[in-house]
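Step one of this worksheet: look at the structure below.
Remember, predicted model here, so these are calculated numbers, not experimental data. The residues of the chain are indexed from 1 along the displayed sequence.
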Amino acid sequence: MGNFDTLIFEKIDSIAYITLNRPKVLNAYNMRMRDELYQVLAAIREDTEVRVAVLKGAGDKAFCAGADLTEFLTAPSPTVARQVRWERDVWGLFLSCPRPLIAALHGYVLGSGIEIALCCDIRIASDDVQFGLPEVALGIIPAAGATQTLPRVVGTAKALEMMFLGGRIGANEALNIGLVNDVVSKNRLYPAVDDMARRISQFNPVAVASIKQAVIRGLDLSLSKGLALEKILSGTIVYSKS
Ligand code: COA
């Protein structure tokens, strides 16, 4: 795959690593990053060699400090800036990715940063992590999915508190409310994520993808429809083994 300005894309064995790579501006999410993420996610979707994808942020200070505010400020309004971002449905690609996505989170994870993390299936954080949705202070709402994804992960009350106040929460609180699966020391972050990715990648990829599909699609279904989906997927796996 080509060279990118805002990302590093690597494939090691069957694991894809996507690193948000604008460390001088704390990996702020700009249009270029949107386009490059779109390209990488579309490629991962097609690449059957990839069994798990890991997202991380370059530099010491942040996974991602949110939307690039310089683009926001040059657009006619934050709302227009948002509108332009929707022209490519990166978030739809994230959420429909059939393979497991693991976010390795350190430092600032703000705005679009937390929204990227929420599109992942598993979130592992280092103990210096700071999560927040500062949009309300800019007079806008989170619009890369967080109004829907955050309550599904941490519950309505906590999600609304985070969005109404725009404040930040640290590693312990994130773990307590279920925003992250685990917290590790900073030097253990990438080894811990690698270990998890490798363990998942050893299993039958059809089984892993079917588990993801059953759980994620099932969340939008009634229990009886979810159970019917589980039955169909389970039958597909038996068929694929014979
Ligand atoms: N967009 C564009 N540039 C950003 C950015 C963003 N969202 N977040 C940080 N940067 C840039 C800073 O402008 C600074 O650039 P400079 O060195 O050219 O001055 C560089 O990244 C380092 O950030 P700095 O503010 O100096 O680091 P800090 O440790 O003092 O503060 C934050 C870190 C995250 C608290 C602070 O940068 C911040 O509040 N950023 C904006 C967060 C935000 O509102 N995001 C948008 C959500 S919708």
(Q) Please determine whether side-chain contact (heavy atoms from CB on, under 4.5 Å) holds for the pair Trp91 and Thr149, giving the CA-CA distance in whole Å, both sets of side-chain angles, and the decisive distance to 0.1 Å. (A) CA-CA 11 Å; Trp91 313 104; Thr149 52; over 6 Å; no

Q) Hey, mind stepping through Phe9 and Glu36 against side-chain contact (heavy atoms from CB on, under 4.5 Å) and telling me if it holds? A) CA-CA 10 Å; Phe9 178 71; Glu36 293 185 347; over 6 Å; no

Q: Please assess Leu150 against Leu133 for the test side-chain contact (heavy atoms from CB on, under 4.5 Å), listing each intermediate value before the final yes or no.
A: CA-CA 10 Å; Leu150 187 61; Leu133 283 157; 3.6 Å; yes

Q: Begin from the C-alpha positions of Ile141 and Met163 and carry the test side-chain contact (heavy atoms from CB on, under 4.5 Å) through to its verdict.
A: CA-CA 8 Å; Ile141 71 168; Met163 286 186 261; over 6 Å; no

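Between Leu101 and Ile44 the shortest side-chain heavy-atom distance does not fall below 4.5 Å. You'll find the side chain of Thr19 reaches within 4.5 Å of the side chain of Lys56, heavy atoms only. Residues Tyr29 and Val90 have side chains in contact (heavy-atom distance under 4.5 Å, counting atoms from C-beta outward). Phe94 has its side chain within reach of Leu37: a pair of non-hydrogen atoms, C-beta onward, lies under 4.5 Å apart. Side-chain contact between Asn204 and Ile237: present, with at least one pair of heavy atoms (C-beta onward) separated by less than 4.5 Å. At a threshold of 4.5 Å between non-hydrogen side-chain atoms, the residues Ile102 and Ile200 count as touching. Using a 4.5 Å heavy-atom threshold, the side chains of Val129 and Val180 count as separate. Using a 4.5 Å heavy-atom cutoff, the side chains of Leu189 and Ile124 are in contact.
Taking hydrophobic clusters as Ile, Leu, Val, Met, Phe, Trp and Tyr residues chained together by side-chain heavy-atom distances below 4.5 Å, Phe4 shares a cluster with Val50. Leu41 and Ile114 fall within the same hydrophobic cluster, defined by Ile, Leu, Val, Met, Phe, Trp and Tyr side-chain heavy atoms under 4.5 Å apart, directly or through other members. Cluster membership check: Leu20 does not share its hydrophobic cluster with Val25, using side-chain heavy-atom separations under 4.5 Å among Ile, Leu, Val, Met, Phe, Trp and Tyr. Linking Ile, Leu, Val, Met, Phe, Trp and Tyr whenever their side-chain heavy atoms come within less than 4.5 Å leaves Leu69 and Leu110 in two separate clusters. Residues Leu160 and Ile169 are members of separate hydrophobic clusters, defined by side-chain heavy-atom contacts under 4.5 angstrom among Ile, Leu, Val, Met, Phe, Trp and Tyr.
Counting all heavy atoms, side chain and backbone alike, Val184 lies closest to Ala192 at CG1-CB, 4.3 Å. Heavy-atom minimum distance, Pro100 versus Val208: CG-CG1, 3.3 Å. Closest heavy-atom contact between Ala159 and Val154: N-CG2, 3.7 Å. In this structure, Arg51 and Ser201 approach most closely via the heavy-atom pair NH1-O, 3.0 Å. The two atoms that bring Leu179 and Val153 nearest to each other are CA-CG1, 4.1 Å, heavy atoms only. Between Gly145 and Glu115, the shortest heavy-atom distance links the atoms N-OE2, 3.4 Å.
Under the 3.5 Å distance criterion, the side-chain polar atoms of Asn27 are matched with a main-chain donor or acceptor of Phe63. Side chain of Thr236 to main chain of Ile232: a donor-acceptor pair is present (N/O by atom type, distance under 3.5 Å, no hydrogens or angles). Formation of a donor-acceptor pair under 3.5 Å by the Glu10 side chain with backbone atoms of Tyr17 is not found in this model. Arg123 contributes a side-chain N or O that, together with a main-chain N or O of Ala117, makes up a donor-acceptor pair within less than 3.5 Å. For Asn21 (side chain) and Thr6 (main-chain N/O), no donor-acceptor pair under 3.5 Å exists by modelled atom type.
For the 3.5 Å distance criterion, the side chains of Asp68 and Thr70 qualify, holding a donor opposite an acceptor.
Using the six-membered ring where Trp is involved, Tyr190 and His106 have ring planes that are perpendicular, over 60° apart on the 30 and 60° scheme.
Annotation: the span from Ser185 atom OG to Asp127 atom CG amounts to 6.0 Å, rounded to 0.5 Å. Note that the CD atom of Gln202 and the CG atom of Asp13 stand 10.5 Å from one another [nearest 0.5 Å].
Using a 4.0 Å cut-off between charged side-chain N and carboxylate O, Glu71 and Arg32 make no salt bridge.
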Under 3.5 Å donor-acceptor pairs involving side-chain atoms of residues 224-231, not counting sequence neighbours:
| from | atom 1 | to | atom 2 | distance (Å) |
| --- | --- | --- | --- | --- |
| Ser224 | OG | Ser222 | OG | 3.4 |

Listing, residues 212-221 side-chain donor-acceptor contacts under 3.5 Å, not counting sequence neighbours, or none:
| from | atom 1 | to | atom 2 | distance (Å) |
| --- | --- | --- | --- | --- |
| Lys212 | NZ | Cys97 | O | 2.9 |
| Lys212 | NZ | Arg99 | O | 2.9 |
| Lys212 | NZ | Asp121 | OD1 | 3.3 |
| Lys212 | NZ | Asp121 | OD2 | 2.8 |
| Gln213 | OE1 | Arg217 | NH1 | 2.5 |
| Asp220 | OD1 | Arg152 | NH2 | 3.3 |

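Every salt bridge (charged side-chain N to carboxylate O under 4.0 Å, His left out) that Lys186 has, sequence neighbours left out, goes to Asp60, Asp128.
None of Val54, Leu105, Val52, Leu55 except one satisfies the side-chain contact (heavy atoms from CB on, under 4.5 Å) rule with Val193; the exception is Val54.
Annotation for Asn172: atom CG does not count as buried by contact number, only 12 or fewer foreign heavy atoms lying within 6.0 Å.
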